Amino acid sequence: MSNLHLRPYQKAVVDAIGNQNAIVKMPTGSGKTFVAAEFIRRDLMIRNQIAKSRRQQQDTDSATVATASTASSSENWSQVSSNSSQPTSEEMTALFLVPTCNLVSQQANTVRAWIGNGYEVTEYRGGMTSPTKRFDVLVSTPQSFLTLQQIEADKKWFNWSNIFACVFDEVHHVLKDHPYRIIAMLIKGWESQNDNNSKVHILGLSASLTYAVGHRAVEVSLSNLCHDLGVTKMISPTEEELLAGGYVPQDDSIETMQKPWDVPKGVIPESDRKQHLIHEMFMTRVENRTTTHFASRIYAVVREIEREIKSQCGNVSKSESSFKSPLGQIKLTSWEDFAHKMTKKHVGALSVLYQLLEIWYVALRMVCQSWEEEEQLVIQWLVINDGFHKEGWFGPKLEASLNLVHRLYSNGGIQSEKLVSLKQHLIDKRKRKGVSFRCIIFVKQRISAYVLSQHLNNDGGCMRHGLRTGYVAARNSRITPSIKVTPGEASNCVVGFRSGEINVIVATSVIEEASY
């Protein structure tokens with residue numbers, strides 16, 4: 001072990017883990033990685049002690065065999081060695097999983113420094129060659145480890161029977177559609193099927209255990225997390241223990257922007273919003289004519305485009321029934337999916353109309369998802385995608401409905417204080433902090449991240465003051481059917497943010513897992 005020492009609260013946490021599966025919640029900067037490194041070091045010592053005991057037992061058995069008759073000697077030796085297909089205790093390894101590529105080397109170096117030179121710590125992430133020599137600890141991203149298990153299936157190093165301990169850094173990802181969850185389920189499945197009742201010693205680390213909101217939702221999330229990992233103990237030092245042990249709460253001078261704007265009149269109060277009823281509540285408001293003026297105008301355009309499509313189908317009754325609006329579908333993204341599919345299916349005027357309809361279906365989805373609050377972002381989406389484009393053959397009602405929304409935009413008839421205030425805030429901070437300025441803007445929807453980043457990058461004031469914006473969404477995800485996120489975009493954005501090439505990121509909570 002190195003000459004580093006655990007703080008009292010760190011030692012107390014590791015002592016409390018013992019031989020149980022545990023989740024440790026500690027704040028950022030309090031030394032969770034050292035807890036994990038000591039957890040691994042102690043398990044390595046136990047591994048070595050078991051290996052030593054087995055060697056001593058084998059020596060004793062060998063001595064007994066040597067005194068037996070030649071005929072029985074061979075038989076007894078084969079019994080002693082019959083389990084050679086299984087890894088010996090000394091060959092077993094620890095797995096340290098981290099959610100992003102950039103953390104692999106960082107955590108591996110910490111583990112190396114902690115456990116000392118007598119152990120081999122190997123790193124693996126996407127783009128690296130598979131490990132070719134024996135190791136004691138493997139630090140890897142989860143997706144890369146899953147790939148290793150597939151491409152190196154003949155190597156016992158990566159089998160669960162060869163892994164005695166597994167650390168999940170940022171363990172809350174287990175609750176989501178994430179490679180962590182796949183690994184947790186694989187461990188659980190292997191443990192339930194192996195004949196010798198072997199277990200993987202599991203430690204989960206996090207500063208925040210769940211994204212859930214509300215007491216009951218948090219309880220359910222934590223219960224599920226413990227169940228999925230076989231956790232029997234949750235450990236979190238008290239604030240008093242942390243401060244007494246030398247922890248200093250981080251103060252990175254991170255500033256948060258207050259809310260200097262009002263929401264549009266007539267929106268549903270936050271206390272009355274029920275996410276699972278978002279479609280039903282919006283359509284009821286449409287029927288009762290209680291939506292905001294802006295929302296009603298967006299909905300009217302959508303309906304006019306649908307009517308224009310029916311008109312273009314011709315006067316034949318069979319063709320008239322060929323269009324059926326998807327707005328009755330509860331899944332909001334199914335609206336744009338339908339229009340996108342029909343755009344590919346048709347040519348000429350119908351293809352043009354369906355393409356326009358996809359843009360406006362997305363706008364209507366944004367209205368619904370924001371509970372009719374995000375007027376300015378909806379307008380920006382329409383501007384970016386040429387949603388006000390008009391063909392000479394459009395019917396007068398469709399043209400008039402498009403003009404009404406455009407006039408709201410051009411005459412300042414929509415709620416824009418939020419976006420104006422945000423841009424001014426960014427410009428002020430950029431002036432004050434200079435090249436060191438960095439900002440993360442969190443939004444709830446991927447479409448909002450995309451639209452806001454596009455708007456900021458095209459805004460003259462932001463450009464003049466050196467604001468360069470990117471957005472982060474989960475890799476291989478989509479913004480709309482026509483806009484998809486390529487695997488490298490999120491990680492490239494984060495790299496650019498660190499280097500200063502980008503100084504503003506717009507993201508959902510997925511930013512912490514920008515690359516596996």
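The shown structure was predicted, so the numbers you read here are calculated from the model rather than taken from an experiment.
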query = Hey, mind stepping through Ile23 and Leu205 against side chain to side chain contact (heavy atoms under 4.5 Å, CB included) and telling me if it holds?
reply = CA-CA 6 Å; Ile23 291 176; Leu205 304 171; over 6 Å; no

task = Apply the test side chain to side chain contact (heavy atoms under 4.5 Å, CB included) to residues Trp381 and Tyr450: give CA-CA distance (whole Å), side-chain angles for both, the deciding distance (0.1 Å), then the verdict.
result = CA-CA 9 Å; Trp381 162 256; Tyr450 172 80; 4.0 Å; yes

request  = For Lys188 and Glu191, run salt bridge (charged side-chain N to carboxylate O under 4.0 Å, His left out): C-alpha distance rounded to whole Å, both residues' side-chain angles, the deciding distance at 0.1 Å, then the answer.
outcome  = CA-CA 5 Å; Lys188 195 172 183 179; Glu191 289 181 341; over 6 Å; no

ask   = Passes side chain to side chain contact (heavy atoms under 4.5 Å, CB included), Leu203 versus Phe96? Steps please.
value = CA-CA 9 Å; Leu203 172 63; Phe96 193 143; over 6 Å; no

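Residues Leu402 and Lys390 meet the side-chain proximity criterion, which asks for heavy atoms closer than 4.5 Å. Annotation: side chain of Ser144 is in contact with side chain of Thr141 (closest heavy-atom distance under 4.5 Å). Considering only heavy atoms from C-beta on, Leu419 comes within 4.5 Å of Gln380 through its side chain. Looking only at side-chain heavy atoms (C-beta outward), Phe394 and Glu391 come within less than 4.5 Å of each other. Annotation: side chain of Val139 is not in contact with side chain of Thr122 (no heavy-atom distance under 4.5 Å). A heavy-atom distance below 4.5 Å is found between the side chains of Ile278 and Trp371. Looking only at side-chain heavy atoms (C-beta outward), Val504 and Phe497 stay at 4.5 Å or farther from each other. Side-chain contact between Phe168 and Val98 is absent, with no heavy-atom pair separated by less than 4.5 Å.
Note on Lys418 versus Glu374: salt bridge recorded, some NZ/NE/NH1/NH2 to OD/OE distance being below 4.0 Å. Taking the charged nitrogens against the carboxylate oxygens, Arg478 and Asp337 do have a contact shorter than 4.0 Å, which makes a salt bridge. Between Arg285 and Glu372, at least one side-chain nitrogen of the basic residue sits less than 4.0 Å from a carboxylate oxygen of the acidic one, meeting the salt-bridge criterion. Under 4.0 Å is where a charged nitrogen must lie from a carboxylate oxygen, and between Arg303 and Glu306 at least one such pair does. Salt-bridge annotation for Arg273 and Glu373: present, with a side-chain N of the basic residue lying under 4.0 Å from a carboxylate O of the acidic one.
Under the side chain to side chain contact (heavy atoms under 4.5 Å, CB included) test applied with Tyr361, the options Leu327, Thr333, Thr480 reduce to a single match, Leu327. Of the options Ile479, Leu452, Ile483, Leu377, a side chain to side chain contact (heavy atoms under 4.5 Å, CB included) to Ile447 is made by Ile479 and by none of the others.
One finds the CD atom of Gln355 at 13.0 Å from the CG atom of Leu350 (value rounded to the nearest 0.5 Å). A distance of 9.0 Å separates CG in Leu356 from CG in Asp386, rounded to the nearest 0.5 Å.
The number of heavy-atom neighbours closer than 6.0 Å to NZ of Lys444, taken from other residues, nucleotides and ligands shown, is 12 or below.
Of the N and O atoms on the side chains of Ser401 and Glu304, not one donor lies less than 3.5 Å from an acceptor on the other residue. Looking at Ser140 and Glu123, their side chains never bring a donor and an acceptor atom within 3.5 Å of each other.
In terms of heavy atoms, Arg430 sits closest to Gly466 at NE-O, 3.5 Å.
Ring-centre distance between Tyr124 and Phe145: not below the 6.0 Å cut-off.
Not one N or O on the side chain of Ser206 forms a donor-acceptor pair closer than 3.5 Å with the backbone of Val171.
For residues 456-470, every residue pair satisfying the side-chain hydrogen bond (donor to acceptor under 3.5 Å, both in side chains) rule, not counting sequence neighbours, is listed here: Lys423-Asp459.
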